[in-house]
Protein chains: 2
Amino acid sequence: MTAAVLLLLFPQTKPSPIEMPFKAPIFSYLLISILSAVFLSANGRKALGLRHAADGVDDSIIYLWPLPKQISYGNRTVTVNPNLVLQSKGPGGSSPIVQEAFGRYKSLVFSQQSGFVLQEYDISTLTVVVDSDDDTLYLGVDESYDLYVSDATGSTEGKLSVVGEASIEAKTTYGALRGLETLSQLFTYNYKTKAVEVYKAPWYIHDEPRFPFRGLLLDTSRHFLPVNVIKQVIESMSFAKLNVLHWHIIDEESFPLEVPTYPNLWEGSYTKWERYTVEDAHEIVDFAKRRGIHIMAEVDVPGHGKSWGIGYPDLWPSPNCTEPLDVTKEFTFDVIAGILTDMRKIFPFELFHLGGDEVHEGCWTSTGHVKLWLQEHNMTAKDAYKYFVLRAQDIAISHNWIPVNWEETFNTFKENLNPQTIVHNWIGPGVCPKAVAKGFRCIVSNQGVWYLDHLDVHWEDFYNNEPLEGISDIEHQKLILGGEVCMWGETADASDVQQTIWPRAAAAAERLWSPRVTTTAAILNNSVLHRLHHYRCLLNYRGIPAAPVSNKYARQPPVGAGSCFTQ
Amino acid sequence: MTAAVLLLLFPQTKPSPIEMPFKAPIFSYLLISILSAVFLSANGRKALGLRHAADGVDDSIIYLWPLPKQISYGNRTVTVNPNLVLQSKGPGGSSPIVQEAFGRYKSLVFSQQSGFVLQEYDISTLTVVVDSDDDTLYLGVDESYDLYVSDATGSTEGKLSVVGEASIEAKTTYGALRGLETLSQLFTYNYKTKAVEVYKAPWYIHDEPRFPFRGLLLDTSRHFLPVNVIKQVIESMSFAKLNVLHWHIIDEESFPLEVPTYPNLWEGSYTKWERYTVEDAHEIVDFAKRRGIHIMAEVDVPGHGKSWGIGYPDLWPSPNCTEPLDVTKEFTFDVIAGILTDMRKIFPFELFHLGGDEVHEGCWTSTGHVKLWLQEHNMTAKDAYKYFVLRAQDIAISHNWIPVNWEETFNTFKENLNPQTIVHNWIGPGVCPKAVAKGFRCIVSNQGVWYLDHLDVHWEDFYNNEPLEGISDIEHQKLILGGEVCMWGETADASDVQQTIWPRAAAAAERLWSPRVTTTAAILNNSVLHRLHHYRCLLNYRGIPAAPVSNKYARQPPVGAGSCFTQ
């Protein structure tokens, strides 16, 4: 919605154009006013109110995923012109990221329009207002947006609508992207009229994410995933408003990434074709940024480093002890520093994952020169583990990165971790409450419910995992950055990774995006399953092979013939 | 290769530019001469000769799928410019189909080149010569091509090469498409030099399909497949040189297609969103044509028509007998005629599938008015089945279609079928020999080995299915049009259809494309598995979720971490 439109509706609120040409706070205030007015009006419109019961009638459910923060709608149907024009406004409206996204969504939404045109459409222009021309993508970047779709009644008197208008107003490019996704889900192809329509207009939506970190881990070490496949995953993440791809690039099985400073490292790849060049990595970062998605790279040290030694055997304590990496050698830390120096040029995200999980020090203490070194330095094996993690943290921090570490590091040496550390939970449900109580920030990935490779975990379990569970102090709650679902790759390769991720990752995505009251209400009113079926089918329409929702084990095929909307 | 190049190589063969500017017969003759020369030369080059043993060394295997008819190569490596330019020649060179295909393959092949450029490349131009400007796609259209990649030695003396040349010469647009696919498989990204390279240059390939009909059945009745998913399947078919998508649109479970003449028919769709408009169908036909792929539509009568009666209950013999369609009513044949009239405007392919399988006439004989009608017409139920099939054939033929029918029609009434009928085998291995002996043409789809929904059938069984098995008479052999693998949809939806199809469909694709001597030799020399692994990984690189080759049951995930090239 443009400021001009607002002024038309509410001339008394006219802001100084110099002071606040497109300020969202004013807009939000107006929106709440509008929402209240609509909620209270008796002209057939209804507000969602989140107690909206699922009654089995499709049309009573709002098929948006994830559910927005504030929402109001009417009861009219408007048509959308397949030649929809983008009108960009505001300092950031001309961002190529917005322009490209508009093109992508237009081709998704109007893919079935070929050759069929009505005489008249209600909505022919989409106005996108972006307040800032700064396209920097950082953790916590403003992703809020206000979305408005007119009901095309042609009268403003008591109707709060403007003919032929659809608009998105956002503070940043990335808010505009989120608004475009929501708008694309309001657009429905009508097979009778052969037009894209918006039901229940007019729409007023104010939306913003609950958590700034809404992640998905991809593991390209257990199986190499081609760049095209990673792009498909990133594209589908944007449909669910997930915003962090945690790229677990390297592990003990293979080292697929090119590191120019240590060019033999990718000798640890499975084959000479299962590799990522520096250019590939740049391409992935750029592709993700254009969808508002961060790439958080991981170098998992010292426990998962076996593949490093294919190129540089000195990194192994011995041929019989190939991990953890050799803690005694400066060369080990030189290599880590080299990797991070090279990676810093690729990955602009301010978080960097250093792993630190599953360190089995027994291998160190059973290797002669390491045992000797421990004695000389008066260290236990646990001390050496801490020494390694903290040195790696120092290297990351020296590159202006915030270190993220798996929870064993916190579980083992707590306050000894650098205070900047973000603790990444995975083992069980209890660690984030403890970490935030100690002042650390935390990311939730409780394996019992958010590990996608656990095929027996159903979408309900993903949906019900509440990141703030067990944390009552509001200041502590603020330290929960969000959460992440993890797609470990032992049995997930290019052939099945997408149907292992979807639709269950979407369940977590709504938990992480929508207000807690919204997800709680959605469970209570039993509407979630209907909406998730619908969302899974939407992904299928977009060419994403999301698996049936109701299968016994994830990624299982449908058990028999039937509709996508019930399987 | 351009005529100019040929003239340079063989000035003595200079044709009159008026008579035969780019005639392939001349070219083929030259090619054979070249092949012979290379085969006999002792300068380090070797000819494939099809007895080339798989020795475990990757570089000894020719990673092309399906294998071309004639092939020769050298031992040099040449680089390909990421800004490769298409030089179109001949009357059909300017076809937009060729231009678009070049763009598609370029973006596939050079997807990893972003920002990285060498100073010099050996191959900067691809010349594509197309002899005919007729883009009509019909069964048996010439798909042959000749492919040449220079070894860039810069000397013609005794080397038969020209600097900086790659060329494809074809009689038709569709031959050029097949050549582009083969060329794209010769292009390999080198992770060290960061250039796309062609190994074993120079290459001379002459190729053409063994069978004109190389099909894949998709079933959109048991599960609706969105248009984007059908397009993904078509795109992947083109990578394997399959050329007929048998679209089993409608069955007893759902009727998803719009039929303007009988607009209630698609009331039989699962939901109002699981439908294909006429525009969708046109879009699919057009998308396929641009990849040299026919769409053979099927209307399976009378046995699989239950869903028709949702919109028109009169088509059911009774509410308790919902199929076969009511044989007694003229309305039934009016509806079939209406459907075929509407479909004829969409599907230009000269074959149309009328089904005719699994007709359980017991339902007819237990329905009062049908039983009476049979008595009045002095017909048995079998007679009525024949009457139905023949009337449907007449309707199809009146629309200038060649009718295709499942084998029960032939098994039941043999010579009574219209002599134009193409018999479509599915039940077992013996029917095509019988059908061709009676003068019918035949398509092989033996369910024991070519049904993709049979998950326990391994790629070897797909590969070993010889369409001419049991047919020794050469005139009879000519009546085998080819074969088709069938992807029945009971447990295949948008989430898993591609990994159920691939890689096994590729095994059949090579059987149908490559000369029999080639596939026989490939089995004997044990190179097939290596090549199929490689081809499956190629599909993954292209974003197609082809499943592991060596799984116990089709579409199963890999059992553990590892390389794509061995799983």
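In the text below, chain A, chain B and the rest are named by the order of the sequence lines, each starting its count at 1. These numbers come from a predicted model, not from an experiment.
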Crowding at NZ, B/Lys306 (>12 non-hydrogen neighbours, <6.0 Å): no
Comparing B/Asp496, B/Asp493, B/Asn540 against chain A, the one with the most heavy-atom pairs below 4.5 Å turns out to be B/Asp493
query = Between A/Tyr541 (side chain) and B/Asn228 (backbone), is there a donor-acceptor pair under 3.5 Å?
reply = no
Chain A shares the most heavy-atom pairs under 4.5 Å, among B/Ala494, B/Gly543, B/Pro558, with B/Pro558
Bottom line for A/Glu258: the part with an atom under 4.5 Å from chain B's heavy atoms is side chain
Taking a cut-off of under 4.5 angstrom between non-hydrogen atoms, the residues of residues 559-566 of chain A near chain B are A/Val559, A/Gly560, A/Ala561, A/Gly562, A/Ser563, A/Cys564, A/Phe565
Scored by heavy-atom pairs under 4.5 Å with chain A, the best of B/Arg222, B/Glu274, B/Lys192 is B/Glu274
The interface call for A/Arg536 against chain B, heavy-atom contacts under 4.5 Å, is side chain
Okay, B/Gln499 and chain A: the region with an atom under 4.5 Å from a heavy atom over there is side chain
Counting heavy-atom pairs under 4.5 angstrom with chain B, the leader among A/Glu490, A/Arg542, A/His282 is A/Glu490
What one should report as the nearest heavy-atom pair of A/Ser495 and B/Ala546 is CB-O, 3.0 Å
Filtered by a 4.5 Å non-hydrogen cutoff, the part of residues 549-556 of chain B contacting chain A is B/Arg555
Taking C-beta and beyond as the side chain, do A/Pro545 and B/Val229 meet within less than 4.5 Å on heavy atoms? no
Bottom line for A/Gln232: the part with an atom under 4.5 Å from chain B's heavy atoms is side chain
Under 4.5 Å to a heavy atom of chain B? For A/Trp266 that would be side chain
Step by step, would you call A/Thr188 with B/Trp273 a side chain to side chain contact (heavy atoms under 4.5 Å, CB included)? CA-CA 9 Å; A/Thr188 306; B/Trp273 302 291; 3.9 Å; yes
Cut-off 4.5 Å, heavy atoms of chain B, and the answer for A/Thr271 is side chain
